[in-house]
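One structure is given below, encoded as structure tokens.
Lettering follows sequence order; numbering is per chain, from 1. Model, not experiment: these values are computed from the prediction.
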Amino acid sequence: MEQMDNITIFSCAYLCCMSQKVRVRFAPSPTGGLHLGGVRTVLFNYLFAKKHNGDFIVRIEDTDQSRFVTGAEAYIFDCLKWCGLTPDESVLHGGDFAPYRQSERKELYKQYAEQLVKDGHAYYAFDTVAELDNMRELLKTKGSSSLQYDHNVRMNMNNSLRLLPQETQQLLDAGTPYVIRIGIRPNEFIPFTDMIRGDIEFDTNNVDDKVLLKADGMPTYHLAVVVDDFLMKITHAFRGEEWLPSAPVHILLWKYLFGLDKMPQWAHLPLILKPDGNGKLSKRDGDRLGFPVYAMDWPDPVNNEITKGFKEIGFLPEAFINLLAVLGWNDGTAQEIFSMEELIEKFSIEKVHKGGAKFDFEKAKWFNHEWIQKLDVNNYAARVKAIFETNGITINNNAYFLKVMELVKGRCTLLPDFFTQGSFFFEAPATIDIDAIKPKWDDKKNMFFMELIKAWQLSTLWEATDIETSFKELAAANTLKTGELMLPLRIMLVGEKFGPGVFEIAAAIGKEATITRIVHTLSLLQ
RNA sequence: GCCGCGUUGGUCAAGAGGUUAAGACGCCUCCCUUUCACGGAGGAAUCACGGGUUCGAGUCCCGUACGUGGUACCA
């Protein structure tokens, strides 16, 4: 009964915000490749928006000029495109709330920061980097439990709280570099409800006076995210769990600037962790363990090093989206394979986990294998064809190519597997595993294959069943066991012990190629 | 250190006080396949620990441990 009530109350709070159009945003910083976790954040934003017929906005948070990386922004949009996550509004897609790049909104933030100072919620701070270092050093030697710039230390610092108004004005007039810091009042509790974690409460005694406006006039994330979420009418804010500790700052900012009733509902997503060891999954783990962490290849513009992406190693976007969706979420049933449409229909924020999940590349590959089977080969034939071409095989006969794909797709996990599993359909194997034949090879078998060549040269029928029949009849006539002959035949056609049914292969590559390959191997056996 | 968040097999996970504690990946065995896969049938393996509350706890409460995040004029 009590639970029912909670659910009811929760749903009401939920619906109140629903009365306006749902608007969510993904707010990446253009600092490098797009990480798995980043894509999942986009995905959850997107699914939530689409489920509620809302808008999905992409806002570029490029307020840290020192970390700006050329090409990173375009790359992010390329990744979104590949994933099929199309924004409704963005730098690229336009929209009524432009500009969507924070660097172009610079002037906007300053007035809000000034307003906060005027209202007594923020103050100017003139401390230099060295002074801040000294402060922390001092706190450390004093054995203080916190090294933060907060109510305990701010009256010892060089800021407008301690300075006389005219002193502050003098510094300002003299063009002294300054930042604006939020003034957190001690002994208050900031409660809020997270859509995933439920009720959370922070004690302001543990919250520091975060910088809102930097000396270069740019806002920090804290100010920018609040101002833009308000201006862009964001209703639900999804972000990684790493933001949870700074949530009280944002809530206070909302309270001071726009009112808590306008604040979006927060959802702090669990982290994606390293498969082994501990910690957040990083690009380095991918390099170390041999799997990608980025959605697409990221060529570092500084050192030209390419970090591998899921796309390039042969993932299907459908599989990539699928595996990300179920990393930290499930619909409560045993279903694991979901299309984007199903995800939109079934996604629910309440079913997102609280705890982080270790990334498992083996499972990730399984999703790709499943999607290769599920999708019509036409969906990815062009990509596979490109793989063949970079490996020196040009495809002229598309129908034949599709047929081969169909024949081998069951044994493919990543797209390049089509090449390793299917190249012999297009050209004779470069090497023949002779050692797999030799031990049991004898004159009788040799004779059999000579006769086989003659028989097949004369035959007019070349379907897999015809080939099998004639093969078996000839084997019987020579009192040989079919089983002892099929492996040699396979090696002759494929080069190794793998692939679809050997008679299907013979049928596919054609009579001439089949005979040529047998002759070639026979010559090697001499 | 301090603060926050978390913790069901090796991994992802279902689980809303009463279940033989689902399912998936991976691993092992067998079947199918005269190859390799797919597929099918089995198997090993789990509620971090300690206290409560309750007739009954994986589920609720407290503590501990462990993990993780934050503690920047980075996001």
Side-chain angles (χ1 to χ4, degrees), chain A residues 3-4 6-7 27-31 61-64 66-67 125 127-129 132 136 140 143-150 177-181 194 196-197 200-203 205-208 210-222 224-225 239-248 268 270-271 273 275-276 278-280 323 326-337 351 353-367 369-370 373 408-413 417 421 436 481-487 489-491 494 496-502 505:
Chain A
Q3 260 154 0
M4 282 300 288
N6 284 342
I7 289 166
S29 292
T31 54
E61 309 224 328
D62 55 347
T63 54
D64 185 0
S66 68
R67 292 212 309 159
D127 314 280
T128 62
V129 174
L132 292 172
R136 293 189 183 107
K140 211 180 285 178
S144 170
S145 64
S146 149
L147 305 180
Q148 301 188 132
Y149 194 123
D150 60 14
Y178 67 92
V179 299
I180 292 180
R181 287 181 181 270
D194 184 275
I196 295 169
R197 286 150 212 284
I200 296 172
E201 189 176 65
F202 284 93
D203 181 345
N205 288 322
N206 300 313
V207 181
D208 63 335
K210 283 260 181 292
V211 170
L212 265 19
L213 199 75
K214 300 187 260 191
D216 65 0
M218 278 289 195
T220 58
Y221 170 82
H222 306 103
V225 74
R239 61 183 7 174
E241 189 186 349
E242 68 268 26
W243 289 108
L244 206 45
S246 48
H268 290 90
L271 267 11
L273 275 14
D276 61 349
N278 306 310
K280 252 202 301 193
L323 74 93
V326 297
L327 204 55
W329 172 86
N330 74 82
D331 74 339
T333 73
Q335 183 173 354
E336 291 201 272
I337 301 297
K351 288 222 155 255
H353 293 169
K354 296 183 175 85
K358 287 184 184 167
F359 182 67
D360 181 357
F361 187 54
E362 290 306 316
K363 181 93 187 219
K365 284 194 291 191
W366 175 78
F367 279 104
H369 177 264
E370 292 299 303
Q373 313 316 314
V408 303
K409 74 175 188 181
R411 49 204 88 210
C412 295
T413 296
D417 293 341
Q421 290 291 332
K481 284 182 188 158
T482 325
E484 290 176 14
L485 299 166
M486 279 174 74
L487 186 66
L489 178 61
R490 169 174 297 281
I491 304 281
V494 179
E496 288 176 65
K497 287 197 270 186
F498 69 90
V502 70
I505 295 170

A:D208: partners by side chain to side chain donor-acceptor pair (under 3.5 Å), with sequence neighbours left out = A:K210
When the distance from CG of A:L244 to C1' of B:A75 is rounded to whole Å, what number comes out?
-> 16 Å
Side chain of A:L132 only, please: which of B:A14, B:C73, B:C5 is the nearest?
-> B:C73
Calculate the interatomic distance between A:W243 atom CH2 and B:U71 atom C1'; express it in whole Å.
-> 13 Å
With sequence neighbours left out, the residues meeting salt bridge (charged side-chain N to carboxylate O under 4.0 Å, His left out) with A:K214 are none
Using a cut-off of less than 4.0 Å, is there contact between a side-chain N or O of A:H268 and OP1 or OP2 of B:G4?
-> no
How would you label the contact of A:G328 with the nucleic acid (heavy atoms, under 4.0 Å): base, sugar-phosphate, or nothing?
-> sugar-phosphate
Quick one: which of B:A24, B:C2, B:C73 gets closest to the side chain of A:V211?
-> B:C73
B:C38 glycosidic torsion: syn (within 90° of 0) vs anti = syn
Taking the C1' atom of each, how far is B:U64 from B:G6, in whole Å?
-> 15 Å
Length of the CZ-P vector between A:F359 and B:U11, whole Å | 15 Å
Contact class for A:F202 (heavy atom, under 4.0 Å): base, sugar-phosphate, or nothing?
-> sugar-phosphate
If we take the C1' atom in both B:A57 and B:U19, what is their distance in whole Å?
-> 13 Å
Answer with base, sugar-phosphate or nothing: what part of the nucleic acid does A:A357 contact at a heavy-atom distance below 4.0 Å?
-> sugar-phosphate
Atom pair OG1/CD of A:T31 and A:E61 - distance to nearest 0.5 Å = 11.5 Å
Using a heavy-atom cut-off of under 4.0 Å over every strand shown, decide if A:S246 touches base, sugar-phosphate, or nothing.
-> nothing
Please work out if A:K351 contacts a base, only the sugar-phosphate, or nothing of the nucleic acid, heavy-atom cut-off 4.0 Å.
-> sugar-phosphate
Return the set of residues passing side chain to side chain contact (heavy atoms under 4.5 Å, CB included) with A:K497 (not counting sequence neighbours), or none when no residue passes.
-> A:L487, A:I491
Rounded to the nearest 0.5 Å, the CG atom of A:D360 sits from the CZ atom of A:F367 at a distance of 10.0 Å
Just to confirm, is there a sub-4.0 Å distance from OP1 or OP2 of B:G4 to any side-chain nitrogen or oxygen of A:R197?
-> no
For the pair A:D194 (side chain) and A:H268 (backbone), establish whether a donor and an acceptor sit closer than 3.5 Å, ignoring hydrogens and angles.
-> yes
For A:K280, answer base if it contacts any base atom (sugar-phosphate contacts may also be present), sugar-phosphate if it contacts only those atoms, and nothing otherwise; contact means non-hydrogen atoms under 4.0 Å.
-> sugar-phosphate
Sequence neighbours left out, what passes salt bridge (charged side-chain N to carboxylate O under 4.0 Å, His left out) with A:E370? Give chain and number order.
-> none
Out of B:A75, B:C2, B:A72, minimum distance to the side chain of A:S145 belongs to B:C2
Would you mind classifying the nucleic acid contact of A:L212 as base, sugar-phosphate or nothing, using non-hydrogen atoms under 4.0 angstrom?
-> nothing
In whole angstrom, give the distance that lies between atom NZ of A:K210 and atom C1' of B:C74.
-> 11 Å
Give a yes or no on whether the backbone of A:V211 and the side-chain of A:T220 come within a donor-acceptor separation of less than 3.5 Å.
-> yes
Whole-Å distance separating the CZ atom of A:R239 from the P atom of B:A75 | 13 Å
Looking at every strand, decide which applies to A:S29 at a 4.0 Å heavy-atom threshold: base, sugar-phosphate, or nothing.
-> sugar-phosphate
Take atom C1' in B:A44 and the same atom in B:G1, then report the distance between them in whole Å.
-> 44 Å
Using 4.0 Å as the upper bound for N to carboxylate O, is an ion pair formed by A:D64 and A:R67?
-> yes
When every nucleotide of nucleotides 26-49 of chain B is labelled 5' to 3' by its protein contacts under 4.0 Å (heavy atoms), B for base, S for sugar-phosphate only, - for none, what sequence of letters results?
-> --------BBBBS-----------
What residues form a ring pair (Phe, Tyr, Trp, His ring centres under 6.0 Å) with A:H369, not counting sequence neighbours?
-> none
Throw together a table of side-chain donor-acceptor distances under 3.5 angstrom for residues 326-333 of chain A, partners on residues two or more places apart or in other chains.
| unit_1 | atom_1 | unit_2 | atom_2 | d |
| --- | --- | --- | --- | --- |
| A:W329 | NE1 | A:S348 | O | 3.3 |
| A:N330 | OD1 | A:G332 | N | 2.6 |
| A:D331 | OD1 | A:T333 | N | 2.9 |
| A:D331 | OD1 | A:T333 | OG1 | 2.7 |
| A:D331 | OD2 | A:T333 | OG1 | 3.2 |
| A:T333 | OG1 | A:Q335 | N | 3.1 |

Whole-angstrom distance between B:U71 and B:A37, as gauged at atom P | 49 Å
For nucleotides 58-67 of chain B, tabulate all protein N/O to nucleotide N/O atom pairs closer than 3.5 Å, reporting atom names and distance.
| unit_1 | atom_1 | unit_2 | atom_2 | d |
| --- | --- | --- | --- | --- |
| B:G67 | O3' | A:N278 | OD1 | 3.4 |

So what's B:C49 paired with, Watson-Crick or G-U wobble, going by both distances under 3.5 Å?
-> B:G63
Would you please classify the geometry between the A:Y221 ring and the A:W243 ring as parallel, tilted or perpendicular, with 30° and 60° separating the classes?
-> parallel
Rounded to the Å, how far apart are A:D208 CG and B:G4 P?
-> 15 Å
Taking the nucleotide of RNA chain B with the closest heavy atom to each, which residue, A:T220 or A:E201, is nearer the 5' end?
-> A:E201
Find which nucleotide of RNA chain B each of A:L147 and A:E336 is nearest to by heavy atoms, and output the residue with the more 5' nucleotide.
-> A:E336
Pair assignment for B:G39, Watson-Crick or G-U wobble, requiring both distances under 3.5 Å | B:C31
Between B:A24 atom C1' and A:F361 atom CZ, what is the distance in whole Å?
-> 18 Å
Per A:R181 side chain, nearest of listed nucleotides B:C73, B:G1, B:A75 = B:C73
Looking at residues at least two apart in the chain, or sitting in another chain, which of them share a side chain to side chain donor-acceptor pair (under 3.5 Å) with A:N205?
-> A:N187, A:D203
Find the distance A:D64:CG to B:C74:P and express it as a whole number of Å.
-> 5 Å
Taking the C1' atom of each, how far is B:G50 from B:G69, in whole Å?
-> 27 Å
Touch class at under 4.0 angstrom, heavy-atom based, for A:R136 against every strand present = sugar-phosphate
Side-chain N,O (A:N330) to OP1/OP2 (B:A14) below 4.0 Å = yes
Tell me what A:D203 touches on the nucleic acid: a base, only sugar-phosphate, or nothing, going by heavy atoms under 4.0 Å.
-> nothing
Return the nearest nucleotide to the side chain of A:E242; candidates are B:C73, B:A24, B:G70.
-> B:G70
Across every strand shown, the nucleotide meeting Watson-Crick or G-U wobble geometry with B:G1 (both distances under 3.5 Å) is B:U71
Taking atom C1' in both B:U59 and B:G52, compute the distance separating them and give it to the nearest angstrom.
-> 15 Å
C1' spacing across the pair B:U7 / B:C12, given as an integer number of angstrom = 15 Å
Side chain of A:P245 only, please: which of B:A14, B:G6, B:G70 is the nearest?
-> B:G70
Whole-angstrom distance between B:A65 and B:U29, as gauged at atom P | 43 Å
